[in-house]
Amino acid sequence: MRVRFAPSPTGQLHVGNARTALFNWLLARGGSGGVFILRIEDTDAERSTRESEAAMAEDLRWLGLDWDEGPDIGGPHGPYRQSERLHLYQSYAQELLSAGNAYYCFCSPGQLEADRQAALSEGRPVKYAGTCRQLSAVQVAGRLTAGEHAAIRFRVPERDAVVFTDLVRGEVRFAIDVIGDPVVLRADGTPAYNFAVVVDDALMEVTHAIRGEDHLSNTPRQILLYDALGFTPPQFAHLALVMGPDHSPLSKRHGATSVAEFRTRGYLPEAMVNYLALIGWSPRGDAADSSSGDDSELVPIDQLARRFSLDRVGHSPGVFDEEKLAWVNRHYLKTADPARIAELSVPFFVEAGIPMAPDDVGIRFLTAAMAMVTSSVDRLSQVPARLAFLFDYDAERTLTDEQLRREMSSEGARAVAVALAEELAGAPRLDRERFRAVASQVKARTGQKARALFHPIRLALTGRPEGPELDLAVPALDLGADLPTHAGIPPIAGSRERAAAFAAAL
RNA sequence: GUCCCCAUCGUCCAGAGGCCCAGGACGUGGCCCUUUCAAGGCCAAAACACGGGUUCGAAUCCCGUUGGGGACGCCA
């Protein structure tokens, strides 16, 4: 099986396209000997950029979708950029021409547009009127030598219909008379999309063309082209599109739409992949796994590759649901290696204004601290706020808060803060056990318990009314307080210093 | 306008004629756990678009309507 992902490098990798890429990749990796090809469709020189191509490649790699043949690594059927294959398209266009399956078209863009509008307003099917179809060889030669620019159009053959079997939709039929003669080569010698795909898919020996549903109505045109060129068409599979919450195509006004944006929002690639697979496909109900009773929707990529199949892909458009993505992300955040999460969260700290350039010692500290946040956070971008209490502590500032000041104004709360400071004065750094011991000392001395005990302690030591469990937060503070400066982490005040400062500020 | 595709809870899916007065997941609501916010556990509400057929029997098959999406480019 040879499949391909063929983006046009005109911007960011859209999540809808990422899903198409994923489905192709899963199929290639699921069986044995599958080949996944990356082809760049850059025939639109105006809009295509190398920057975009590089960005898309990076996004694919980030997702974990590697390719076996592509512009950067080559392969037996290269080149893999359409802009570098122009000679191929030209020679196949000549072949069509000499076989009488194509003809020169001198119609001006203005003329074509006028025809279109006329057809539209008269309620006729919109397709090429066939103006240049019957031009004689002499006429053509004359106009060509006169220097007129001409495109080359494919001559759609006389037939009833084009019928093909779509792997996800079943039999699809198009009457021939709705298909106008498509341009094969533009006047500037570059190929039109429908022609380039056919030549490329044939030459690259693509066996399955798996793409978005927006290409469904292009398919009959392409099949006709395969026939005229003497190629065997691949199998086709058209995937329903990904929509926004209002069922219109997912676009910027719905929020993030590109893989890169989701990455900068702090989603993990494995979450993105798992979630994308869940739009239009489900791990439930396939025979292999219903027996094992495993119907969890949390399926890592290698399992996806094993279980994915086209015949279980849905037919209707799916709404992209960021809430569910977040849920999937939470799962992977919790199960991922904390060291990796620590590593990945560094740029998010910087982004949040907490300078962070950790060395090995710093990373070890962050890694230890990760344990108390990954279970309560949706995305990496929320990690800094959750850990800000470590690096950003100011007793005075905390007590400026109206609400918190009031909470600390009670007899009991003050007593707790004072007792805490006294217990901690001169005390060694706290680990979990020592913190518990201190807490019960304070409890014994003040008679406060539960919330009345721990809330003032939290305020005093973290400066915030909420946050991770104190059992974890306090030892982290004191671990951080002794960090060497080379660790690359902002200075952290220890519990002893905080308790003293807080009591003083009361 | 013409052609093509699609149609189960708010959302993503399961359901391939009786197992379905429809099942799971996300989200939502409630309860529990709890030193806070989360997380976690449990429970609940929530759908077969509509109308005709076919059949002993339809969410499942057929037709139509409606609704949504796509295409109709010398964009891809």
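In the text below, chain A, chain B and the rest are named by the order of the sequence lines, each starting its count at 1. What's counted below: heavy atoms across the whole structure, side chains too, no hydrogens, waters or symmetry copies.
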Validation: residues 448-457 of chain A side-chain donor-acceptor distances under 3.5 Å, sequence neighbours left out:
unit_1	atom_1	unit_2	atom_2	d
A/H455	NE2	A/E407	OE1	2.6

Under 6.0 Å between ring centres, would you say that holds for A/F502 and A/Y393?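 Centroid distance A/F502-A/Y393: not below 6.0 Å, so no.
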For the aromatic rings, using the six-membered ring if either is Trp, is the centroid distance between A/Y193 and A/H215 under 6.0 Å? yes
Using the salt bridge (charged side-chain N to carboxylate O under 4.0 Å, His left out) criterion, which residues pair with A/R133? Sequence neighbours excluded.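 Testing A/R133 for salt bridge (charged side-chain N to carboxylate O under 4.0 Å, His left out), a comparison that skips the adjacent residues, returns A/D181.
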Proximal nucleotide (of [options]) relative to the [X] side chain:
| X | options | result |
| --- | --- | --- |
| A/I279 | B/G70, B/C5, B/C13 | B/C13 |
| A/D321 | B/C26, B/C4, B/G73 | B/C26 |
| A/W327 | B/G70, B/A39, B/C26 | B/C26 |
| A/K324 | B/C74, B/A25, B/C6 | B/A25 |

For A/F236 and B/C5, what is the distance between atoms CZ and P respectively, to the nearest whole Å?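 After rounding, the reported distance stands at 16 Å.
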To the nearest Å, how far apart are A/H315 NE2 and B/G69 P? 20 Å
When you check the side-chain N and O atoms of A/H315 and A/R169, is any donor under 3.5 Å from an acceptor? no
A/R143 NZ/CZ over A/F106 ring centroid, <6.0 Å and within 45° of normal: yes
What contact category does A/G212 fall into here, base, sugar-phosphate, or nothing, at under 4.0 angstrom with non-hydrogen atoms?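 If one applies the 4.0 Å heavy-atom cut-off, A/G212 turns out to touch nothing in the nucleic acid.
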Quick one: label A/E113 by what it contacts on the DNA or RNA (base, sugar-phosphate, nothing), any heavy atom closer than 4.0 Å.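 It contacts nothing in the nucleic acid.
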Of residues 445-458 of chain A, the positions that come close to RNA chain B - non-hydrogen atoms, cut-off under 4.0 Å: A/A450, A/R451, A/F454, A/R458
